[in-house]
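Working notes for the structure below.
In this chain, numbering begins with 1 at the start of the sequence shown. The structure presented is a predicted model; accordingly, all values stated were derived computationally and were not measured. Whatever order the structure lists ligands and atoms in, that order sets their numbers, starting from 1.
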Amino acid sequence: ATQDELKKQVGYKAVDDYVKSGTVIGLGTGSTAAFAVERVGQLLKSGELKDIIAIPTSIRTKEQAESLGIPLATLDTHSDLDVAIDGADEVDPNLNLVKGGGGALFREKIVEMCAKKFIVIVDESKMCGGLGPGFPIPVEIVPFCHEHTMREIAKLPALAGCKPVLRLGDVANNKPDGDKPAVTDNSNYIVDLVFETPIKDAVAAGEQLKNTVGVVDHGLFTGMTTACIIAGSDGISVKEA
Ligand code: DER
């Protein structure tokens, strides 16, 4: 199966197995989550799903959901979600995640923190032994004096050895020709932290990042995953936290 077919398999399975009628759901961002959004739209259209309120985790997911006729709301009116479904850039053996490859980590985290269940959908290429080397850790920072903030991040003990790189071009992915900083849905910048070796303590790293003035939030999603649905060439498996 192609990688797209694997992403579709897990996106559809997450909705079929975890989304019930009459619930409030969080819709993730990225190419895998887009299949879950597609499936919600399909089931609402066929009548197999009813009375869903969805909370999008990015402007582009909101637009996709609107195009599919999925009823939308925000956390201001609906902050008690039954389930949220989203992709990830890396998944470690404890189901801690790196997210933010698509630049949506802040809205993803604030929404997914409100969900009773957080279902992660990945193809097997995202599985890793330790977070860091396989995918730079995205961090959302305020544009004001961003070079100063990047220097402060590089000093953090739990992130020793990281190389902060300002994301340029389009926020959803690093377009090489982009010479201007990528800007998030929240009008902030993204710094990608490049690691040669795995992060030893992802929880401590997250805390130190959150305590750094200028940092809005980061792509370490620790202790949040309820279950991870993994599509591999030999089929689909589900890992529960
Ligand atoms: O930006 C994000 O957090 C996305 O969910 C990312 O982690 C996964 O995107 P993908 O499904 O397109 O690989």
Side-chain angles (χ1 to χ4, degrees), residues 1-15 25-40 54-65 83-92 95-115 118-128 131-141 165 167-175 182-186 188-195 199 202 206 209 216-222 224-232 236:
T2 65
Q3 196 177 44
D4 239 25
E5 280 157 5
L6 295 178
K7 291 180 176 185
K8 181 171 181 173
Q9 284 171 25
V10 291
Y12 277 41
K13 179 175 175 59
V15 174
I25 66 175
L27 297 178
T29 297
S31 60
T32 313
F35 283 115
V37 176
E38 179 179 275
R39 184 63 171 163
V40 171
I55 315 292
T57 56
S58 64
I59 291 171
R60 59 189 187 279
T61 292
K62 176 174 176 282
E63 289 168 349
Q64 181 194 6
V83 64
I85 299 171
D86 203 350
D89 297 298
E90 273 196 318
V91 183
D92 81 359
L95 303 188
N96 291 319
L97 315 173
V98 169
K99 283 180 60 51
L105 67 95
F106 174 74
R107 296 193 182 192
E108 290 173 334
K109 191 176 279 187
I110 197 170
V111 169
E112 286 147 19
M113 285 296 286
C114 294
F118 176 36
I119 308 302
V120 177
I121 49 177
V122 294
D123 64 87
E124 62 188 349
S125 70
K126 309 297 186 61
M127 308 310 288
C128 69
L131 302 180
F135 198 94
I137 316 289
V139 180
E140 182 154 343
I141 66 170
V165 178
R167 188 177 299 186
L168 303 178
D170 171 49
V171 75
N173 43 53
N174 238 340
K175 287 211 174 96
V183 177
T184 69
D185 287 350
N186 319 301
N188 293 316
Y189 287 170
I190 294 276
V191 176
D192 291 303
L193 308 183
V194 181
F195 285 88
I199 291 181
L209 283 165
V216 175
D217 218 313
H218 55 82
L220 291 166
F221 284 44
T222 55
M224 290 175 61
T225 306
T226 305
C228 184
I229 307 177
I230 308 151
I236 291 184

Practice task
Without swapping roles, check the side chain of Q64 against the backbone of A34 for a donor-acceptor pair under 3.5 Å.
Solution key: yes
Handout entry: Nearest protein heavy atom with distance in Å, relative to atom 4 (C) of ligand 1
Key = T29 O, 3.1 Å
Handout entry: Among L27, D185, D86, side chain to side chain contact (heavy atoms under 4.5 Å, CB included) partner for T61
Key = L27
Problem - Side-chain donor-acceptor contact under 3.5 Å, D4 with T2 - result: no
Practice task
Could you tell me whether some N/O pair between A104 and ligand 1 is separated by less than 3.5 angstrom?
Solution key: no
Practice task
Using atom types as modelled and distance alone, determine if a side-chain donor or acceptor of R39 lies under 3.5 Å from a backbone N or O of K8.
Solution key: no
Exercise for the section: Any chance you could lay out the side-chain contact (heavy atoms from CB on, under 4.5 Å) test for I199 and L220, step after step, and finish with the verdict? Expected result: CA-CA 11 Å; I199 291 181; L220 291 166; 4.3 Å; yes
Handout entry: Enumerated ligand 1 atoms positioned under 4.0 Å from heavy atoms of D86
Key = 5 (O)
Handout entry: Atoms in ligand 1 with a heavy atom of E108 nearer than 4.0 Å
Key = 1 (O), 2 (C), 3 (O), 4 (C), 5 (O)
Handout entry: Ligand-side contact atoms (ligand 1) for residue partner G102, heavy atom cut-off under 4.0 Å
Key = 1 (O), 2 (C)
Exercise for the section: With heavy atoms of A88 as the reference, note each atom of ligand 1 found under 4.0 Å away. Expected result: 7 (O), 8 (C)
Practice task
Say whether, by atom type as modelled, one donor and one acceptor occur between the side chain of D89 and the main chain of F135 under 3.5 angstrom.
Solution key: no
Handout entry: Test item: D123 side-chain N/O and S125 main-chain N/O as donor-acceptor pair under 3.5 Å
Key = yes
Problem - Protein heavy atom at shortest distance from atom 11 (O) of ligand 1 - result: T32 OG1, 2.7 Å
Handout entry: Separation of I230 CD1 from I121 CD1 (nearest 0.5 Å)
Key = 12.0 Å
Completion exercise
Nearest non-hydrogen protein atom to atom 9 (O) of ligand 1, with distance, is G30 CA, 4.0 Å
Practice task
Check whether any heavy atom of L105 sits under 4.0 Å from an atom of ligand 1.
Solution key: no
Completion exercise
Taken to the nearest 0.5 Å, the spacing of K126 NZ from K7 NZ works out to 5.0 Å
Problem - Residue-ligand contact G100/ligand 1, heavy atom below 4.0 Å - result: yes
Exercise for the section: Write out the residue and atom name of the closest protein heavy atom to atom 7 (O) of ligand 1, then the distance separating them to 0.1 Å. Expected result: D89 OD2, 2.8 Å
Exercise for the section: If you have a sec, work out which protein heavy atom is nearest atom 13 (O) of ligand 1 and how many Å separate them, to one decimal? Expected result: K126 NZ, 2.6 Å
Practice task
Select the closest option to atom 12 (O) of ligand 1 among G11, A34, S31, G28, judged by heavy-atom distance.
Solution key: S31
Practice task
Please state which part of V122 comes within less than 4.0 Å of ligand 1, counting heavy atoms only: side chain, backbone, both or neither.
Solution key: neither
Exercise for the section: Report yes if G101 has an N/O atom closer than 3.5 Å to an N/O atom of ligand 1; otherwise report no. Expected result: yes
Practice task
Taking S58 for its side chain and T29 for its backbone only, find out whether a donor-acceptor pair lies under 3.5 Å.
Solution key: no
